[in-house]
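Proteins get letters first, then strands, A, B, ... in listed order; numbering begins at 1 in each. Just so you know, these numbers use all the heavy atoms, side chains as well, and skip hydrogens, waters and symmetry mates.
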Protein chains: 2
Amino acid sequence: MYKNQRNLMSEKVSSRKQQVRAEDVARHAGVSRVSVSRTFTPGASVSAATRAKVLKSAEILGYRVNRLASSLNRSESGIVALIAAEIDTPHRSAMIAELSDKLQAAGKVTMLINTSGYEERVKDALLQAISFRTEAAIILSGAPDPSLADTCFSNGMKLVLINREEDFPGSLQIGPDNRAAGKTALKALLRAGCKRIALANSANATWSILERQKGFVDAADEAGVEVLSEVGGLTSYQAGLELGTALLDREDRPDGIFCTTDLIACGVIDAARQRFGLRTPDDLSVIGFDDIAQAEWEGYDLTTFAQPTDQIIEKCLEWCTTEQPETETVKLPAKFVWRNSVQKARIPLK
Amino acid sequence: MYKNQRNLMSEKVSSRKQQVRAEDVARHAGVSRVSVSRTFTPGASVSAATRAKVLKSAEILGYRVNRLASSLNRSESGIVALIAAEIDTPHRSAMIAELSDKLQAAGKVTMLINTSGYEERVKDALLQAISFRTEAAIILSGAPDPSLADTCFSNGMKLVLINREEDFPGSLQIGPDNRAAGKTALKALLRAGCKRIALANSANATWSILERQKGFVDAADEAGVEVLSEVGGLTSYQAGLELGTALLDREDRPDGIFCTTDLIACGVIDAARQRFGLRTPDDLSVIGFDDIAQAEWEGYDLTTFAQPTDQIIEKCLEWCTTEQPETETVKLPAKFVWRNSVQKARIPLK
DNA sequence: CTGTTAGCGCGTTCAA
DNA sequence: TTGAACGCGCTAACAG
């Protein structure tokens, strides 16, 4: 007999993991198992008396609804996958902190999938999300394999790509307007009176970072300004140090540098200060991107662009809870944050 | 009739979310549903021929085993909960990055629960973990309600407390030996020839941070050294700025400061440099704790203690995969990382 | 408002 | 090796 196997076996002998079930609570409370279920289902009709009995018994037995089982039944897992690499990076971790917080507030549960390492992991991550019948997957880094689009869609899984534009039907693609920011950065350096303008970028820049670079370079072309371009290393503080050192070592030393990320900018500022004895903004103007916590630190006081994090997340959640959303691309303006790493002339740009 | 409802209803009319099931694959491959299940169960016996057919059909239909369902059946969810606050903080995010990476490598899935905000959320987080029949919960910040111990235990959920000692039966309590580190810090400052020694700590320090403080102060008492103690603010860079300013403003300005975290240390160093024109290590020796990425930045070059992260995580995973682990408390030595924020005398301490 | 019944998708027996 | 039957814990639908 299967039916009573569990109850017949001694607890210690059982190989199955024990847990308190609705049936246990029902027995304890002297009601039917369904009444227990109803007590924990918002909007279900149970009399106050039964409800009270159930709650009391549940409390005593330490009962919690098994969401694995209820998800299976209602085909709504309540889980949202966050797929990201380098999650210990300032901007990325801030994004994850905000996202997980807001997801919880919306009653969702977040499953974090770390894809640091090889690119292939993004595909695996997505497959894992599908396995868990995740309601949505929010991809913060890397590109998903388009061949998975159908599988996602046929499992009713929403997809959001942050900071990346990809041909992935049915997804929301959202991020800051990187090109516009690059353009603004150039204008700001020009207005600050910079004569020799440079760009510092990493060699393994992502799509969105390259967009910033393009915006900057294009604007320079339009303005007829030459850009000293230094590209190398990873997107990190260390790269910034090296890029800064290389730039400041030049005979035609730049006096205004746009760094595609704040981490790079911090490295550049430290290279200037520690290795060349130069100070921002007096000797050198520096602009970054992301507005990480360190940008505000007194040793950097970095003028930068704040990612429209709140708006991105708001739109994300709205989209994830929409029934059958259409493919959509959203570009939000990055806010220019004036601090004190750019020479005088604090003229607001537009 | 329930049985065929799903197939009878037009896909568009159905309110249930559609998904590819093992049964669909079985039909497509012309085998029984059980064969499909076996194909995806490691170690099950299926003939190569059936297996091939199943895999092909699964590929075509985009089938993925529903882990919600399989978890329910095998009562092993494969999910591990990570419960943490302030996950955008350097040390915390590094910890989460490492943990999630290693968990994945061990075949587990991580559920991230953000408890920033009010303390009560730790309890909710644990309840949520229980609901999802998480195999283990790793608590990185805050203290769980001991009343939940039974519920955790009766659901077979393992519990790990990192950096906190609490009366929570059945759990693993693990972290660095904070007292010993505090002691080492004092010795290092003395050997560096510091005459006026100070401590900078936040006003809302956690248990483990207070331990560092105690270790430092106790060692000072033993050595008969007076400690200028400045306590205030949150455990943050901003607090470090203020604490540093307060300390350096004193008439008996300290020449050696132990900061209970690296973030505070960075603030103190910036206060010294930006507000008083003092440099480390020439005018001031500073020691931190955590060895965050910024400690290595050239502008700080901070002497600090590295958390034994790898060992903590290793032990964590080992413990989580043990059948019925006993309550255990583990203290691991924090590694003293010499950089250049402490005056000369680089004498390794033991 | 309550209890009975059916089924969510899967893995695991048991008997062939 | 394969298929039939059962149950994991739960909720939705049905009937009273």
Can you tell me the distance, in whole Å, between the CZ atom of A/R133 and the C1' atom of C/dC10? 11 Å

Base, sugar-phosphate, or nothing for B/R38, non-hydrogen atoms under 4.0 angstrom? base

Using atom CZ of B/R64 as one end and atom P of C/dG9 as the other, report the distance to the nearest whole Å. 17 Å

Value rounded to 0.5 Å, distance of OG1 in A/T50 from CG in A/L55: 10.0 Å

Specify the separation, in whole Å, of atom CG of B/L68 and atom C1' of C/dG11. 15 Å

Does A/E86, at its CD atom, have more than 12 non-hydrogen atoms belonging to other residues, nucleotides or ligands within less than 6.0 Å? no

Gap between atoms CD and C1', on A/E76 and C/dG9 respectively (whole Å): 17 Å

Write down the distance between CZ (A/R74) and C1' (C/dA6), rounded to a whole number of angstrom. 18 Å

Between B/S141 and B/R92, does any side-chain donor sit less than 3.5 Å from a side-chain acceptor? yes

DNA chain D contacts among residues 39-57 of chain B, heavy-atom distance under 4.0 Å: B/S45, B/V46, B/S47, B/T50

Proximal nucleotide (of C/dG3, D/dC10, C/dG11) relative to the A/S32 side chain: C/dG3

When the distance from CD of B/E23 to C1' of C/dC10 is rounded to whole Å, what number comes out? 12 Å

I'd like to know whether A/E59 forms a side-chain hydrogen bond (donor to acceptor under 3.5 Å, both in side chains) with A/S57, so could you lay out the CA-CA distance, the side-chain angles of the two residues, the decisive distance to 0.1 Å, and finally the verdict. CA-CA 5 Å; A/E59 171 77 26; A/S57 298; over 6 Å; no

Quiz question: by atom type and distance under 3.5 Å, do the side chains of B/S93 and A/D88 form a donor-acceptor pair? no

Please determine, for the side chain of B/V65, which listed nucleotide (C/dA6, C/dG11, D/dG9) has the closest atom? C/dG11

Distance-only donor-acceptor test (3.5 Å): side chain B/R67, base C/dG9: no

In terms of side-chain heavy atoms of A/L72, which of C/dC8, C/dA6, C/dC10 is nearest? C/dC8

Answer with yes or no whether the side chains of A/Q19 and B/R133 bring together a donor and an acceptor at under 3.5 Å. yes

Interatomic distance where CZ belongs to B/F132 and C1' belongs to D/dC10 [whole Å]: 14 Å

Can you see if the side chain of A/S35 gets near the phosphate of C/dG3 - specifically, an N or O under 4.0 Å from OP1 or OP2? yes

Go through C/dG11, D/dA4, D/dT2 for me and flag the one nearest to the B/N73 side chain. C/dG11

If you measure only the distance, is there a donor-acceptor pair under 3.5 Å linking the side chains of A/Q311 and A/T309? no

Which part of the nucleic acid, if any, lies within contact of B/S70, taking any heavy atom under 4.0 Å across all strands shown: a base, the sugar-phosphate backbone alone, or nothing? sugar-phosphate

Which nucleotide wins on minimum distance to the side chain of B/R21, given the candidates D/dA4, C/dG9, D/dG9? C/dG9

If you pin A/V36 and B/R33 to their nearest nucleotides in DNA chain D, which one's is more 5'? B/R33

